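All remarks here apply to the structure that follows.
Chain A is the first sequence line, chain B the second, and so forth, proteins listed ahead of strands; every chain is numbered from 1. Every value quoted in this text rests on a predicted model; they were computed, and no experiment measured them.
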Amino acid sequence: MFLFTDAPGDAPSPLLATLNAEQRSAVTLPAEHALILAGAGSGKTRVLTTRIAWLLHQGLATPGGIMAVTFTNKAAKEMMTRLSGMLPVNVRAMWIGTFHGLCNRFLRTHCKAANLPLTFQILDMQDQLSAIKRLCKQYAIDDERFPPKELQWFIAGCKEDGMRPAAVPVRDALTQKKVEIYQLYEEQCQREGVVDFGELMLRSYELLRDNAPIREHYQRRFRHILIDEFQDTNKLQYAWIKMLAGKGVEGEDHHTGGAVLAVGDDDQSIYAFRGARVGNMADFVREFAVQHQIKLEQNYRSYSNILDAANALIGHNSRRLGKNLRTEQGPGEPVRVYEAPSDFSEAQWMVDEMRQLVRDGVERKEIAVLYRSNAQSRVIETALFNAAIPYRVYGGLRFFERAEIKHALAYLRLLENPNDDTSFMRVVNFPARGIGARSTEQLQDLAKASGCSLHHAVSALSGRAGAAIAGFVAKIDVLREQTIGLNLRTIVSLVISESGLLEHYRTEREGADRVENLEELVNAAESFVMQEGFGRDASGLEAELTQSPASQGLGSLDLVADASTRAYEDNLEAPGETGETPSPLAAFLAHAALEAGDNMAQAGQDAIQLMTVHSAKGLEFDCVFITGMEEGLFPHENAMSDRDGLEEERRLMYVAITRARARLYLSHSQTRMLHGQTRFNLKSRFFDELPEVCLKWLTPKRQPATSAYALGGAGRAWSDDGGYGSGGYGRSGASHGSGYSYGGASSAYNSARVGQGDSASPSQRSADAPVPRKDASSHGLQVRQKVFHGKFGEGTVLTLEGAGDDARAQISFARHGTKWLALSVAKLTPVP
DNA sequence: AACACGTCGGTTTTT
DNA sequence: CCGACGTGTT
């Protein structure tokens, strides 16, 4: 049975036993550059982790020689958990983490070479924005012309592309000014000893690029570099990988670097808006002369109706690397499509449907509602709340982002790094201690004049203001003295009480939750220490790497390295390392910035899961509702005008569909409240891209836009079976009879649902019949319709909203761009 | 220094 | 419509 043994003469490796042929060949690839195209639900994480385990087991790598990079902490954690389940190996000896987490580790190790203070702090996006606002105020920058948000976006974008201010191409005066601000911002950060997320990456990249001994050390060290979600890497991250793999410097010996295994799915690239470049996949194949490309197309998640829908949809995209998911499961149930008269009624229908699912034995946490934009959650939340169904919304404020937590962290950061002006400003007068804006402005001017931090400038500030602020600084200094030698838990505890934060929130009327959160911070500090093992061994990260694998009693999976690799393990110290190790407090602060934590709302409960399609990536559920399937919403109006935007929307839809294991609902609404106005949306074009045989229309399928309202040549493609989609139903009916099973375990669900048709389903009640579309017919326009305007010429209707005299249309004109026109005024002629 | 009022904006998100 | 943010008032 075992076609692939791990080594000649050896017993077959249990690691490979449960893999399919595709997966196995990926896991056992030679130590060369390779690209794995891993479709949704194809066992990608499994392949990655098994690959690492296999390399270690075969003696082809030592823990210290492996680097595995992910985008999210969740993915990194998952990888470590699974790995330690496979092998008795100290996962912390490997460099497994997020891009930013690993860069942080790298920069801490080489802070001197990177020109950073030992105590450098990490700015999250909030911190970055307030740092930029502070800078703008300081230099009297017109925030009308240069909104801080936009500057932040500009700076982050430059860094993602690997550009320092001097490298930014300057087209116009506006850009020129932005670049100057970028430069000032850089100086400010350097002065304060803080780095933003982009800086972690960029600084690491530059250090590798400019410091040959360090670069060569890591190139020799990491024999295997594995990258997850490669389609989401940005330009800088790719360049960083090239540096580590010995492909970054012209003329450098390309055999020095390790083997890069990139795993990704071009069809799931949904982060172009934050700099992700799918093109990195093709570049990788070319620049690394990749010889091994493996496609994982076997899907273990969904029934084939769902998969067929996904495949057909994504087939409408051009320039794909090409991949088709298949499953050995049966067709399963058809994809259900529902049209509601209003967003309110859409939510109501969902609640009814969910009640039925739960009655039939589906766990609530196995039901997910996906939407394109966060604003859509409100109406659904209201419906769920009124129905007393527990739910959890993803994507809210996370633990370390809460104001009270950020305040506490600011005090802690000042203990580490008194020059962190962002933290200084955050808490200098919080809790209030009579230090007003006037005083701090004086201080800031003084600091600017002498080019030093606020902390240093205090001594030069005289008068009442000076005394007050000096008092604050003294308090911090005392606290710093007091906490020396204490354990982290005690430090945090002391700081939240001595700072006055606890007292402040205790006396506040609505402060109970915040007090609770502050107490939770103390617990978080304690469990962080436990997890990181600071208690047992205060040694730093590098010390862990020298741990001998042989010392761990590995039994049959012995990891004893051969002589040559062990010799290498003994010599892991990189050139120019800072001998010092970060304190538990420093590590905790970095942890807080790099991993903002969960949003704590009702975590753990069995609740319906509400989230955007973006945040659903990587997750899976038995039942999925994709809501608001409307033109302008999904695909989103801002992404509809160009092909790339539309294709990304389609990939997003592809991600959404492939989240569902057994049952998938797609719904849209004729009307929707958005920004206080009722909008009339057409159903999404994505419906036209799904195979009819996979679908089951729960509501009578409406006539197509073009046929309803006297717009020549209409009605043809759609009028074939105006009812319930008999084709799809017929096929699915057959599959039900032939032993459809819902994941085996939940048979109650099975019997209740299957074979009875859906005649009892709430979705079929006549009360939910769609309302006639009066308003649409009064002006007779439809989204995507071509129209002619006397002044602007020919255009396409993008959006319709309002009714009667208030009706307006957003129209994209070929020559004059996009305009909003009042339909009661504008003279528009439909163009066939 | 806390509160009230007005303005503005409003895809997607992780680090 | 609704929340965030900034300015102005007591």
Side-chain angles (χ1 to χ4, degrees), chain A residues 69-76 97-105 122-130 133 137 143-144 147-150 153 156 159-160 195-202 204 228-229 232-234 236-237 269-276 343 370-379 382 394-398 400-401 403 429-438 504 508-509 590-599 611-618 628 632-640 645 648-649 651-653 655-656 672-679 801:
Chain A
V69 201
T70 64
F71 274 87
T72 64
N73 291 297
K74 203 176 153 198
T98 62
F99 277 99
H100 296 85
L102 296 180
C103 284
N104 175 54
R105 187 170 177 174
I122 300 166
L123 301 183
D124 67 16
M125 286 201 323
Q126 288 176 36
D127 298 332
Q128 188 187 25
L129 188 62
S130 54
K133 282 181 181 164
K137 203 165 269 174
D143 56 3
E144 295 274 289
K149 272 262 168 64
E150 204 177 302
W153 186 81
K159 291 191 182 185
E160 273 158 14
V195 297
D196 58 42
F197 287 129
E199 188 69 22
L200 281 172
M201 279 304 314
L202 184 52
S204 301
D228 193 16
E229 306 279 17
D232 288 336
T233 51
N234 63 35
L236 178 59
Q237 286 158 341
S269 165
I270 54 173
Y271 287 112
F273 68 90
R274 65 175 199 210
D343 52 349
L370 311 186
Y371 35 81
R372 175 63 236 268
S373 64
N374 285 306
Q376 288 168 254
S377 77
R378 170 171 293 275
V379 62
T382 309
Y394 278 70
L397 204 58
R398 289 169 325 167
F400 287 115
E401 289 167 358
N429 195 33
F430 193 96
R433 43 176 79 85
I435 299 168
R438 199 61 35 84
H504 172 88
E508 205 182 55
R509 279 152 296 139
H591 165 80
L594 291 170
E595 187 167 0
D598 288 333
N599 70 334
M611 66 192 82
T612 62
V613 181
H614 280 95
S615 23
K617 190 172 168 209
L633 249 186
F634 200 3
H636 197 275
E637 57 188 332
N638 298 356
M640 296 198 317
E648 178 137 323
E649 293 292 301
R651 291 192 290 271
L652 202 47
M653 182 63 191
V655 168
R672 184 173 296 276
M673 276 294 264
L674 199 62
H675 309 329
Q677 276 200 310
T678 305
R679 297 174 59 132
E801 64 176 49

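Using a 4.0 Å heavy-atom distance criterion, Tyr271(A) is classed as a sugar-phosphate-only contact. In this structure, Lys133(A) reaches the sugar-phosphate backbone alone: every heavy-atom distance under 4.0 Å involves primed, P, OP1 or OP2 atoms, never a base. Within the nucleic acid shown, Phe71(A) comes within 4.0 Å of sugar-phosphate atoms alone, with no base atom in reach, counting heavy atoms only. In this structure, Asn374(A) reaches the sugar-phosphate backbone alone: every heavy-atom distance under 4.0 Å involves primed, P, OP1 or OP2 atoms, never a base. Residue-level contact check: Gly434(A) touches the backbone only, with heavy atoms under 4.0 Å from sugar-phosphate atoms and none from bases. Residue contacts for Asp196(A): at a heavy-atom cut-off of 4.0 Å it reaches no nucleic acid atom on any strand shown. Looking at heavy-atom distances under 4.0 Å, Met125(A) makes contact with a base.
Once you apply a 4.0 Å limit to the heavy atoms of chain A, the touched nucleotides of DNA chain C run 5' to 3' over dC1(C) to dG6(C). Nucleotides of DNA chain B that come within less than 4.0 Å of any heavy atom of chain A span, from the 5' end to the 3' end, dA1(B) to dT15(B).
Taking for each of His675(A) and Phe99(A) the nucleotide of DNA chain B with the nearest heavy atom, the 5'-most of the two is the partner of His675(A). Between Ile435(A) and Asn73(A), it is Ile435(A) whose nearest contact on DNA chain B lies nearer the 5' terminus.
In this structure, the side chains of Phe634(A) and Leu652(A) come closer than 4.5 Å at one or more pairs of heavy atoms.
Leu129(A) contributes atom CG, which lies 9.0 Å from atom CE of Met125(A) (distance to the nearest 0.5 angstrom). In this structure, Asn104(A) CG and Ile122(A) CD1 are separated by 4.0 Å, a value rounded to the nearest 0.5 Å. Distance check: Glu199(A) CD to Cys103(A) SG gives 11.0 Å after rounding to the nearest 0.5 Å.
There is a side-chain donor-acceptor pair under 3.5 Å between Asp196(A) and Gln128(A).
To the nearest whole angstrom, the two P atoms, one in dT13(B) and one in dA4(C), are 16 Å apart. Taking atom P in both dT12(B) and dC5(C), one finds a spacing of 16 Å when rounded to whole Å.
Taking each heavy atom of Val613(A) and Ala656(A) in turn, the nearest pair found is CG1-CB, 3.6 Å. The two residues Leu594(A) and His100(A) come nearest to each other via the heavy atoms CD2-CB, 3.9 Å.
For His614(A) (side chain) and Ile270(A) (main-chain N/O), a donor-acceptor pair under 3.5 Å exists by modelled atom type.
Residues satisfying the side chain to side chain contact (heavy atoms under 4.5 Å, CB included) test with Phe400(A), not counting sequence neighbours, are Ile405(A), Leu409(A), Leu521(A), Phe588(A), His591(A), Ala592(A).
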